[in-house]
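Throughout, protein chains are lettered first and strands after them, A, B, ... in sequence-line order, and every chain is numbered starting at 1.
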Protein chains: 2
Amino acid sequence: MKCHHYPNQNGEYELCVSKVPIFNHLNQEEMREIAFLIQSRTFKKGEVIFSANSSLNELFIIHTGRVKIYRLSDSGREQILRILEAKEFMGELTLFNESLTQNYAEATEKTEVCVIQKSDLQKLIVRKPSIALKILEEFSKRLTNADQLIQQLGSADVETRIASVLIDLNKKQNSNIVTLPMSKGDFASLIGTTQETISRKLSAFQERGWIKLTGQRVVSILNIEKLISFTEDTK
Amino acid sequence: MKCHHYPNQNGEYELCVSKVPIFNHLNQEEMREIAFLIQSRTFKKGEVIFSANSSLNELFIIHTGRVKIYRLSDSGREQILRILEAKEFMGELTLFNESLTQNYAEATEKTEVCVIQKSDLQKLIVRKPSIALKILEEFSKRLTNADQLIQQLGSADVETRIASVLIDLNKKQNSNIVTLPMSKGDFASLIGTTQETISRKLSAFQERGWIKLTGQRVVSILNIEKLISFTEDTK
DNA sequence: CGCGCTATTGAATTGTTTCAATTTAGGTGG
DNA sequence: CCACCTAAATTGAAACAATTCAATAGCGCG
């Protein structure tokens, strides 16, 4: 893990602050001030950023890269809760909840994060309540996503869950050639199934001519309508 | 649905405001002011408070009773996301998210709610940012609960999920005689299984001597340690 | 006290997992 | 830039957990 303080010599210090939604609505002066409270850290693919049972004293904001947030069950099974990308933050739950986190965070690719101390952020929020509103917005979005995942895990079969993810990615990436933001193994962990089942179901979609698999993470969507109507079928 | 405005003749108007976490930290004067913005409504068991695809213009705070928040899949299957009880609120997601809600809310018993207009609440938050912090706390708790449910649904078998709920209730109600806060059917919908399976698994626990079923919603926990170690088993 | 909703139980069926054996992809280093 | 090597993905077959549908039993509300 590399680590350095903002600001650095070439004025890069505003990178995080000026780009992330929770701060970028502030004025120049305010952002400059926050930049001094921020540290930068870099994690390699596979490095753990924080673990369960730790009391986090900092909020991490992703600058570049990707992080998976997951839990481990007693049996050792990993359940991914969400994948975070640039501009999103993590470590927030212990900000408003005293307790220890139960989550793990691991970089799934080279990832640069900006770190701000919990105590510094708390002081900032008091002075600039608009920051709290931005966090509320993000929480709101996450809760909606979590609710959707709960619905999928609780009441859709694996094939439907996979189709739903493809449809979401198709919409989000606005392209028929979709790149999975994670390995198939992580994909499996996210939707509560196994790598093997994912493989089988994707092959089945391919055989039906709805998709075409290219490489490990690329899926060409040939017939989005079929995929959609599949998720809507009463089964 | 009954409906009346606060304040009523016998000074009951502060009931909701003075008790719920999002307002009760304010001073008397402020609470009195808020009380004038609040309406009371009563729902019978089974009544729908709001439905998917509606743009909610209000926040509902539960005064008495219980509400299930759920989604319906295209196939008509109901997935409960959470059960709300006194002092909790609902309709919050459209406060910070423009879009339509995808959730349903239904009273599972006679329920009294306090209603505040979204626009009124937004004005209040600007004047009293501490309200936003209370909402953040609640969101944080909900996100943690949602994460836990995701983990359970995604990586634990049904028996383990049921045992976990019993353990949680035992802790929350602080008694070995636990009352389910919902019907077994709703219990099934919450943990993503069927009534029949719940029945079978509870019977199995009873046969092993870990619990004793009394009536429809009462479970005596005879051996909490066995239940706990069961959830921790590598299976 | 009776009716209706809620829960139970049985048996067949299905979807998914598991474990093991291969195959493939794609990053790394020469 | 190619060959290699490892991590990732695929495929098969057996085993299993949970669902479904249907029929019965029982609680508890009015």
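Classification of A/Lys141 and A/Glu88 as a salt-bridged pair fails, no side-chain N sitting under 4.0 Å from a carboxylate O.
Note on A/Thr197: a side-chain N or O is less than 4.0 Å away from OP1 or OP2 of C/dT17. Distances shown here put a side-chain N or O of A/Thr194 below 4.0 Å from the OP1 or OP2 atom of C/dT17. For A/Lys45 and C/dG27, the shortest distance from a side-chain N or O to OP1 or OP2 is not below 4.0 Å. At the phosphate of C/dT16, OP1 or OP2 sits under 4.0 Å from a side-chain N or O atom of A/Lys201. OP1 or OP2 of C/dT9 has at least one side-chain nitrogen or oxygen of B/Ser203 nearer than 4.0 Å.
As rounded to whole Å, 14 Å separates atom C1' of D/dT10 from atom CD1 of A/Ile162. Put simply, CD on B/Gln206 is 14 Å from C1' on C/dT9, counting in whole angstrom units. To the nearest angstrom, C1' of C/dT17 lies 14 Å from CD1 of A/Ile191. Here the P atom of nucleotide D/dC16 and the CD atom of B/Glu159 are 15 Å apart, to the nearest Å. Distance, B/Ile198 CD1 to D/dA18 C1': 12 Å, rounded to whole Å. The separation between A/Gln79 atom CD and C/dT17 atom C1' is 15 Å, rounded to whole Å. Across the protein-nucleic acid pair, A/Met182 atom CE and D/dA7 atom P stand 22 Å apart, rounded to whole Å. Rounded to whole Å, the distance from NZ on A/Lys184 to C1' on C/dT23 is 13 Å.
One side chain, B/Thr194 or B/Thr197, offers a donor N or O that lies under 3.5 Å from an acceptor on the other. A donor and an acceptor atom, one from each side chain of A/Asp157 and A/Thr160, are located under 3.5 Å apart.
In this structure, B/Arg41 fails the cation-pi test against B/Phe50, since its NZ or CZ atom is not both closer than 6.0 Å to the six-membered ring centre and inside 45 degrees of the ring normal.
Each of B/Gln151, B/Gln148, B/Gln152 was scored for a side chain to side chain donor-acceptor pair (under 3.5 Å) with B/Ser164, with one residue passing: B/Gln152.
Between B/Tyr104 and B/Tyr70, the ring planes are parallel. Angles under 30° get that label, and only those over 60° would be called perpendicular.
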task = Tell me, with the steps shown, if A/Leu180 and A/Asp186 meet side-chain contact (heavy atoms from CB on, under 4.5 Å).
result = CA-CA 10 Å; A/Leu180 301 181; A/Asp186 282 344; over 6 Å; no
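Within the nucleic acid shown, B/Gly192 comes within 4.0 Å of sugar-phosphate atoms alone, with no base atom in reach, counting heavy atoms only. Across all strands shown, B/Ser183 has heavy atoms under 4.0 Å from sugar-phosphate atoms exclusively, and none from any base.
Taking for each of A/Arg77 and B/Ser199 the nucleotide of DNA chain C with the nearest heavy atom, the 5'-most of the two is the partner of B/Ser199.
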ask   = How does each nucleotide of nucleotides 21-30 of chain D score, in 5' to 3' order, for protein heavy atoms under 4.0 Å: base (B), sugar-phosphate only (S), or none (-)?
value = B-----SS--
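Counting only heavy atoms from C-beta on, B/Asp157 has its side chain closest to D/dA18 among D/dA18, C/dT16, C/dT6.
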